[in-house]
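Comments concern the structure below.
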Amino acid sequence: MDGGDIAIVGAAETAGLGTVPDMSVLDLHAEAARRALADAGMSIADVDGVATAGPLAMEVSHHLGIRPRWLDGTVVGGCSFMVHVRHAAAAIAAGAADVVLITHGESGRSGVGAPKRVPNPASFVGQFEQVYGAVAPYATFTVPALRFLNDRGMGREHLAEVVVAQREWAIGNPRAARRAPTTVDEVLEGPVVAYPFTRDMCCLVTDGGGALVVTSAERAADLPSAGRAVYLLGSGESAEGPLISQMEDPGSFRGFRDSAAEAIRTAGIVHADVDHLMCYDAFAHLPLYMLEDLGFVGRGESGPFIAGGATRPGGSLPMNTNGGGLSYTHTGMYGMFAIQEAVRQLRGEAAMPVPGAQISFVQGVGVFFAASGSLVLSANRP
């Protein structure tokens with residue numbers, strides 16, 4: 001399932017991102033699916049596996065007219081789609097499926113056809129965190145973010161540097177929701193949502209969707225899209241727990257460390273081989289955690305690394321090159337869009353291309369430091 005024997009042969013987002021009030025959640029899934037299949041040079045009839053998070057996988061397969069022999073409805077938050085790619089690769093390697101369609105769609109802004117999210121008072125989170133006000137993402141992430149900054153001698157300006165660096169990528173991306181240039185001072189002076197986060201340190205709330213088509217490298221070679229296939233070198237998944245208050249270390253997420261280490265190991269690469277990095281950025285502190293927990297920089301080095309320009313256009317490790325969840329789009333579960341950008345970069349089709357990018361590392365987070373999914377993708381089959 002690793003080592004380049006599995007390929008992403010189709011990748012597409014919905015035509016509209018941002019505010020799409022005329023499409024339901026299921027409409028967004030369907031449009032993204034059809035566009036991804038067209039991108040692959042395939043049809044609904046070729047698909048025998050479906051994976052999704054949100055609607056049931058059988059709702060998507062029925063709506064599209066697919067007769068599946070393999071289904072995956074894994075829901076572990078925003079990194080579900082990284083995990084779906086990994087599971088699809090395992091299914092194809094085992095012969096349980098030949099062509100897997102992974103779909104995503106959320107009406108995060110318009111709420112059309114979106115299920116109502118009702119807190120569960122019987123859950124661990126409902127009993128031990130939500131009763132103290134840790135309900136919304138921005139309120140739940142405050143304590144670990146402050147712990148991270150304190151332990152490393154960093155300040156809120158380092159959160160603002162994340163926003164500024166990613167906005168530089170978004171400026172040149174016509175599909176990005178926030179494209180106006182900004183500065184550290186402007187980010188810090190914005191409305192405070194929940195300390196230490198100001199508005200621009202928090203993700204967008206948008207509508208949109210995306211889909212991927214995954215198959216074996218052998219089958220990929222026979223498709224019209226063969227020259228644009230992207231190969232799975234390595235992958236990893238992990239989880240720590242649903243309670244952010246019970247993290248082993250609020251300043252470092254074990255899930256990131258474990259899944260990333262497995263992805264690097266199974267890919268057979270070292271960090272220096274990575275040309276491009278996508279770090280799920282629902283809030284500005286997450287790329288800081290990921291740079292350190294994934295091993296790209298040492299403890300306490302993430303803030304200065306970004307402030308020094310390493311992740312910006314022309315930097316040594318281009319990161320979140322579509323603008324990320326802070327500036328590009330964020331429907332609620334962002335992981336699909338991180339994978340889409342990695343595919344675009346490796347194909348040479350990105351709005352803001354990284355010259356010569358051959359290997360991309362994609363890191364996702366699920367819920368609030370609960371789950372983690374990691375992918376290593378390559379433009380070439382080893």
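Each residue takes its place number in the sequence, starting with 1.
- Remark: of the listed residues Ile66, Leu71, Ile102, Thr103, Thr103 is the sole one forming a side chain to side chain contact (heavy atoms under 4.5 Å, CB included) with Val60.
- Between Phe337 and His104, a ring centre-to-centre spacing shorter than 6.0 Å is recorded.
- The two atoms that bring Gly251 and Phe148 nearest to each other are O-CD1, 3.4 Å, heavy atoms only.
- Two rings, from Phe141 and Phe283, have their centers less than 6.0 Å apart.
- Taking each heavy atom of Gly172 and Met352 in turn, the nearest pair found is CA-SD, 3.6 Å.
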request  = For Val76 and Val83, run side-chain contact (heavy atoms from CB on, under 4.5 Å): C-alpha distance rounded to whole Å, both residues' side-chain angles, the deciding distance at 0.1 Å, then the answer.
outcome  = CA-CA 8 Å; Val76 288; Val83 173; 4.2 Å; yes
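- In this structure a side-chain-to-backbone donor-acceptor pair under 3.5 Å is missing from Asn173 to Ala351.
- Atom NE2 of His63 sits in a crowded spot, with more than 12 heavy atoms from other residues, nucleotides or ligands closer than 6.0 Å.
- Partner Arg257 forms a salt bridge (charged side-chain N to carboxylate O under 4.0 Å, His left out) with one of Glu248, Glu240, Glu262 and no other, that one being Glu248.
- By the 4.0 Å N-to-carboxylate-O rule, Arg381 lies close enough to Asp5 to be salt-bridged with it.
- Counted by atom type alone, Ser360 and Gln345 present zero donor-acceptor pairs between their side chains at under 3.5 Å.
- Looking at Ile306 and His158, their side chains never come closer than 4.5 Å, going by heavy atoms from C-beta outward.
- Residue Val9 comes nearest to Ser225 through the heavy atom pair O-OG, 3.4 Å, listed as atom of the first residue, atom of the second, then distance.
- When the side chains of ILVMFWY residues are joined at heavy-atom separations under 4.5 Å, either directly or via intervening members, Val25 and Met23 end up in two distinct hydrophobic clusters.
- At a threshold of 4.5 Å between side-chain heavy atoms, the hydrophobic network of Ile, Leu, Val, Met, Phe, Trp and Tyr places Tyr280 and Val274 in one connected group.
- Side-chain atoms of Trp169 come within 3.5 Å of backbone atoms of Thr311 as a donor-acceptor pair (strictly under, hydrogens ignored).
- A 4.5 Å side-chain heavy-atom check between Leu28 and Glu106 finds every atom pair outside the cut-off.
- Counting only distance, with no hydrogens or angles, the side chain of Ser110 and the backbone of Ser107 share no donor-acceptor pair below 3.5 Å.
- In this structure, Asp258 contributes its side chain and Gly255 its backbone to no donor-acceptor pair below 3.5 Å.
- Listed for the Arg69 side chain is a donor-acceptor partner under 3.5 Å among the backbone atoms of Ala96.
- Nearest approach of Pro224 to Ala40, heavy atoms of both residues: CD-O, 4.1 Å.
- Ion pairing between Arg152 and Glu301 fails under the 4.0 Å rule for side-chain N and carboxylate O.
- Between Arg344 and Glu349, no side-chain nitrogen of the basic residue sits less than 4.0 Å from a carboxylate oxygen of the acidic one, so the salt-bridge criterion is not met.
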task = Evaluate the criterion side-chain hydrogen bond (donor to acceptor under 3.5 Å, both in side chains) for residue pair Glu237 and His87; output intermediate values, then yes/no.
result = CA-CA 10 Å; Glu237 62 185 287; His87 292 184; 3.0 Å; yes
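- Inspection of the Asp2 and Ser235 side chains reveals an N or O donor paired with an N or O acceptor under 3.5 Å.
- Using a distance-only test at 3.5 Å, with no hydrogens or angles considered, a donor-acceptor pair links the side chain of Thr198 to the main chain of Val187.
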request  = Please step through side-chain contact (heavy atoms from CB on, under 4.5 Å) for the pair Phe81 and Ile339, ending with a clear verdict.
outcome  = CA-CA 8 Å; Phe81 310 100; Ile339 302 170; 4.1 Å; yes
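- Within the 3.5 Å criterion, the main-chain N or O of Glu186 finds no donor-acceptor partner in the side chain of Glu189.
- Proximity of Leu232 to Leu375: side-chain heavy atoms (C-beta onward) are separated by under 4.5 Å at one or more points.
- Thr266 contributes a side-chain N or O that, together with a main-chain N or O of Ala263, makes up a donor-acceptor pair within less than 3.5 Å.
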query = Could you go step by step and tell me if Asp72 and Thr74 meet the side-chain hydrogen bond (donor to acceptor under 3.5 Å, both in side chains) rule?
reply = CA-CA 6 Å; Asp72 185 2; Thr74 300; 2.5 Å; yes
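- A side-chain donor-acceptor contact under 3.5 Å links Asp275 to the backbone of Gln358.
- Evaluation of the side chain to side chain contact (heavy atoms under 4.5 Å, CB included) rule for Ala221 yields no partner, not counting sequence neighbours.
- Between Asp200 and Arg178, the closest side-chain pair of non-hydrogen atoms falls below 4.5 Å.
- Residues Asp39 and Arg347 are paired through a salt bridge, judged by an N-O separation under 4.0 Å between the basic side chain and the carboxylate.
- With ring centers used as reference points, Phe361 lies under 6.0 Å from Phe296.
- The side chain to side chain donor-acceptor pair (under 3.5 Å) test with Gln166 singles out one residue from Asn322, Thr321, Asn320, and that residue is Asn320.
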key: side-chain hydrogen bond (donor to acceptor under 3.5 Å, both in side chains) evaluation trace for Ser372 with Gln363   = CA-CA 8 Å; Ser372 175; Gln363 178 61 45; 2.7 Å; yes
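- Leu212 and Leu223 end up in different hydrophobic clusters when Ile, Leu, Val, Met, Phe, Trp and Tyr side chains are linked at under 4.5 Å.
- A tilted orientation is assigned to the rings of His285 and Phe197, their planes being inclined by 30° to 60°.
- The minimum heavy-atom distance between Leu377 and Ala342, with the atom names listed, is CD1-CB, 4.1 Å.
- Ser216 contributes no side-chain N or O that, together with a main-chain N or O of Ile6, makes up a donor-acceptor pair within less than 3.5 Å.
- Using a 4.0 Å cut-off between a side-chain N of Lys or Arg and a carboxylate O of Asp or Glu, Asp207 and Arg109 do not qualify as a salt bridge.
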message = Between Arg167 and Arg312, is the side-chain contact (heavy atoms from CB on, under 4.5 Å) condition met? List the steps.
response = CA-CA 9 Å; Arg167 188 67 60 84; Arg312 301 185 186 197; over 6 Å; no
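- Ser24 and Asp27 share a side-chain donor-acceptor pair at under 3.5 Å.
- By the 4.5 Å heavy-atom criterion applied to side chains, Phe368 and Pro242 are not counted as neighbours.
- Aromatic rings from Phe256 and Tyr289 are positioned such that their centres are separated by 6.0 Å or more.
- Taking the side chain as every heavy atom from C-beta outward, Val47 and Pro68 never approach each other to under 4.5 Å.
- Counting heavy atoms from C-beta outward, Gln130 and Pro121 have side chains that stay 4.5 Å or more apart.
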Chi angles and distances behind the side-chain hydrogen bond (donor to acceptor under 3.5 Å, both in side chains) call for Thr206, Thr331 = CA-CA 5 Å; Thr206 62; Thr331 58; 5.3 Å; no
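- Shortest non-hydrogen contact noted between Ala220 and Ala226 is O-CB, 3.3 Å.
- The hydrophobic clustering, which links ILVMFWY residues whose side-chain heavy atoms are closer than 4.5 Å, places Leu204 and Met333 apart.
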request  = Applying side-chain contact (heavy atoms from CB on, under 4.5 Å), run through Met319 and Asp281 and close with a yes or a no.
outcome  = CA-CA 11 Å; Met319 181 179 74; Asp281 59 319; over 6 Å; no
